[in-house]
Every structure is written in C-alpha cells, then in structure tokens.
Visitor: 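I am attaching a structure below and will ask some questions about it afterwards.
Only heavy atoms go into these numbers, but all of them, side chains included; no hydrogens, no water, no symmetry mates.
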Amino acid sequence: MNTNACTNAAGEPLVLVQRDDGIVTVVLNRPEKLNAFTIDGWRLLGDTFLELGADDSVRCIILRGAGEKAFSPGNDIGEFETSRSNKQQARIYGAVMRRTIEALQDCPHPIVAQIHGICVGGGLEIACLADIRICGASSRFGVPIKNLGLVMSYSELGPLVRLVGPSVALQVLLEGTIFDASEALRLGVVTRVASDDDVAAEAQATARRIAEGAPLVARWHKKFVGNLVSGKALADEDRDEAFDCFDTEDFRSGYRAFLSKEKPRFQGR
C-alpha cells in the first residue's frame, strides 16, 4: 500500500479513531473531498473495524465524516480512470469494498452513524451498516449510480435491502433521486432526524445510553436480530444462547443494583 495515498490533503490519516472510555468515534477524514472514498480509504476503514471488532473494551462506535458538510458522497469519481476503468480493476476494488462492508457488518459492537450533510452512494452504503442512524434536518441521501452506468454489487446492495426492503431499495436505485431527511426517515433509511446543530450531541447521547448498558447484552441483541433478519433456521444451540446471560457477572450485578436502587457497573463478563 502506498503510505502517501493513505492520508488526506492535510497529511492526516484517511480514517481517524478517537476514544472516550468505551465509546470510539471513527471519522472518515477527507474533508477536502467531502470524505469521498478512495480504495485506500476503504481499506483503512476495513482495517479499523476488524481491529475494533476484536476489542472487548469497546462499548459503542460512532461513525461519522469529518466536518459537517458531508458524511460521504461515496467513491471518488476522479479515481475511476486509474482504479475502476474496467472489469478487472473493478473486481480488485470491489474485493476491498466487500472486505470493509463485511467488517462493519460482522462488528459485534453497536454502531451509531452520525450523519451531517451529504450521504450518497457508497456513503449511504456504509451508513446502512450502522445499527442506529442519526442525521441532520438538511442531510441529503440517494444512490444516483444509474447516471454513471454503475451497478451496486451484491455486497453493497445487501445492507440497503435488509434495511429498507426490496421495494424501497429498487425505488432508490431505479429512480436515482436525491431525497431529504424527512423522506429518509419515512423510508427507514435513518432512525432519527435532529436539527443540524444537535446531530453530534444526539449521537453522543445515544452512544452513552448504549455504553451504560451491559456490553455482552448489546452484542447478543445485535447478533440475535441479525440471525432473525437473515432468515437462518435457528438450531437448539442458537435458542439456548439466549439464556447464557444468566451465568454472567453483569446479570448478577445488574439485578442486584436494581433491587438496591443503585446504578449498575457492568464489566462485560
């Protein structure tokens, strides 16, 4: 990997990781291009989520773009001439995207998308992988790739279809329109709309509420919902896993704290 290609115009990494106790903020950091993705940006984002996914100290991840103009407009079209100009190149690029999409999809920790401004194309694909998506009133969404002669691969399309269903996904793709925050909320693309000035505070408050709960429970709920949505046939061991929480220290401290009218202190074990 070209190290220079992994930094933005200011010489900073294309993906920043900021930690505040158990809450980790991942920043798509290319503000001079509205946080548009390059292949190295995709790769770094995948590396980041694979590392965070294996870190049990993480309680919640906030995913956002640098600045407040955009979450991300998707892939940098200027890179197409050198990196995606034919099928062979597109396969290589697509493999990097798929690895990153699967890293977010398989991340056991709750993910909150903090969406400012533009969230289009690949940016929307990434936002769809978050468990909770909070945007500003002036945010804009869409996947107008029909105008580029591009098709969404199965890896990219899966999160959108699972989130909004096949009918809405086809509407978004076939019409290729850019729609506002209220329409995004109606379609189920976002979970919540806040005023533009309150998006960051709302995302932080959401992450705090998640982080205050038992982390094992959050991971189990995320896993169980994923199993139900996937349509997989649940085996007896799958159903039995729902009772594993009763053997955890967090469960014992949780119900004892409730009985004592105290705030529980969960340790993730």
Side-chain angles (χ1 to χ4, degrees), residues 8 14 28-42 45-46 63-87 89-98 100-102 104-105 113-130 133-193 196 199:
N8 61 21
L14 291 174
L28 309 176
N29 189 37
R30 202 175 175 225
E32 74 278 7
K33 292 288 187 178
L34 298 178
N35 307 313
F37 281 102
T38 62
I39 190 170
D40 290 303
W42 278 105
L45 185 62
L63 179 59
R64 61 163 298 169
E68 296 187 357
K69 292 182 178 179
F71 180 81
S72 174
N75 292 334
D76 189 336
I77 307 302
E79 196 180 46
F80 280 32
E81 190 67 31
T82 56
S83 299
R84 298 180 85 192
S85 64
N86 56 58
K87 184 173 182 177
Q89 289 182 340
R91 280 175 172 161
I92 296 170
Y93 201 112
V96 174
M97 291 179 66
R98 178 179 177 182
T100 297
I101 288 168
E102 291 178 351
L104 270 82
Q105 197 166 270
Q114 177 181 319
I115 303 169
H116 299 275
I118 300 166
C119 184
V120 171
L124 181 57
E125 294 170 17
I126 289 295
C128 285
L129 290 159
R133 298 159 305 285
I134 301 169
C135 76
S138 67
S139 293
R140 295 293 181 269
F141 302 84
V143 190
I145 58 175
K146 71 181 185 68
N147 300 325
L148 296 172
L150 281 180
V151 169
M152 251 194 188
S153 70
Y154 282 105
S155 297
E156 300 168 77
L157 188 55
L160 177 63
V161 173
R162 285 191 291 273
L163 182 63
V164 300
S167 180
V168 171
L170 280 172
Q171 172 187 319
V172 169
L173 290 166
L174 296 179
E175 293 190 53
T177 56
I178 302 298
F179 48 93
D180 63 17
S182 61
E183 181 70 355
L185 183 63
R186 187 184 73 82
L187 295 176
V189 172
V190 297
T191 313
R192 201 174 308 150
V193 179
D196 290 338
V199 176

Visitor: Check this for me: Arg192, atom CZ, are more than 12 non-hydrogen atoms of other residues, nucleotides or ligands nearer than 6.0 Å?
Guide: yes
Visitor: With a 4.5 Å heavy-atom cut-off, do Met152 and Ile145 have their side chains touching?
Guide: yes
Visitor: Would you compute the distance between atom CE of Met97 and atom CG of Leu45 and round it to the nearest 0.5 angstrom?
Guide: 11.0 Å
Visitor: How long is the span from the CH2 atom in Trp42 to the CD1 atom in Ile126, to the nearest 0.5 Å?
Guide: 4.0 Å
Visitor: Compare every heavy atom of Ile39 with every heavy atom of Val96, then report the nearest pair and how far apart it is.
Guide: CG1-O, 3.8 Å
Visitor: Heavy atoms only: give me the nearest Pro73-Asn35 pair and the separation to one decimal.
Guide: CD-C, 3.9 Å
Visitor: What heavy-atom pair brings Ala127 and Ile115 nearest, and what distance separates the two atoms?
Guide: CB-CD1, 4.1 Å
Visitor: When you measure from the side chain of Ser85 to the backbone of Thr82, do you find a donor-acceptor pair of N or O atoms at a distance under 3.5 Å?
Guide: no
Visitor: So, for Pro144 and Gly176, which heavy atoms are closest and what is the spacing to 0.1 Å?
Guide: CB-O, 3.4 Å
Visitor: For the pair Phe37 and Leu14, evaluate side chain to side chain contact (heavy atoms under 4.5 Å, CB included) and give the outcome as yes or no after the intermediate values.
Guide: CA-CA 9 Å; Phe37 281 102; Leu14 291 174; over 6 Å; no
Visitor: Taking the side chain as every heavy atom from C-beta outward, state whether Leu187 and Phe141 have any atom pair closer than 4.5 Å.
Guide: no
Visitor: Do side-chain atoms of Glu156 reach the backbone of Gly122 as a donor and acceptor pair under 3.5 angstrom?
Guide: no
Visitor: So, Ser182 versus Asp180: side-chain donor-acceptor pair below 3.5 Å or not?
Guide: yes
Visitor: Nearest 0.5 Å, what's the CD1-NE2 distance between Ile134 and His116?
Guide: 10.0 Å
Visitor: Let me confirm one number: the CG-CG distance from Asn75 to Leu150, rounded to the nearest 0.5 Å.
Guide: 8.5 Å
Visitor: Hey, what do you get for NZ (Lys146) to CG (Leu173), rounding to the nearest 0.5 Å?
Guide: 11.0 Å
Visitor: To the nearest 0.5 Å, what is the distance between OG1 (Thr177) and CD (Glu183)?
Guide: 8.0 Å
Visitor: Side chain to side chain contact (heavy atoms under 4.5 Å, CB included), that's the test. Do Arg64 and Val199 meet it? Break it down for me.
Guide: CA-CA 11 Å; Arg64 61 163 298 169; Val199 176; over 6 Å; no
Visitor: Keeping Arg133 on the side-chain end and Val189 on the backbone end, is there a donor-acceptor pair under 3.5 Å?
Guide: yes
Visitor: Quick one, Val164 with Gln171, criterion side chain to side chain contact (heavy atoms under 4.5 Å, CB included). Give me CA distance, side-chain angles, the key distance, then yes/no.
Guide: CA-CA 10 Å; Val164 300; Gln171 172 187 319; over 6 Å; no
Visitor: Which heavy atom of Pro31 sits nearest a heavy atom of Asn8, and at what distance?
Guide: CD-ND2, 4.0 Å
Visitor: How far apart are the C-alpha atoms of Leu28 and Leu63, what are their side-chain angles, what is the distance that settles it, and do they pass the side chain to side chain contact (heavy atoms under 4.5 Å, CB included) test?
Guide: CA-CA 8 Å; Leu28 309 176; Leu63 179 59; 4.3 Å; yes
Visitor: Write down the atom of Val120, the atom of Ile178, and the distance for their closest heavy-atom approach.
Guide: CG2-CD1, 4.2 Å
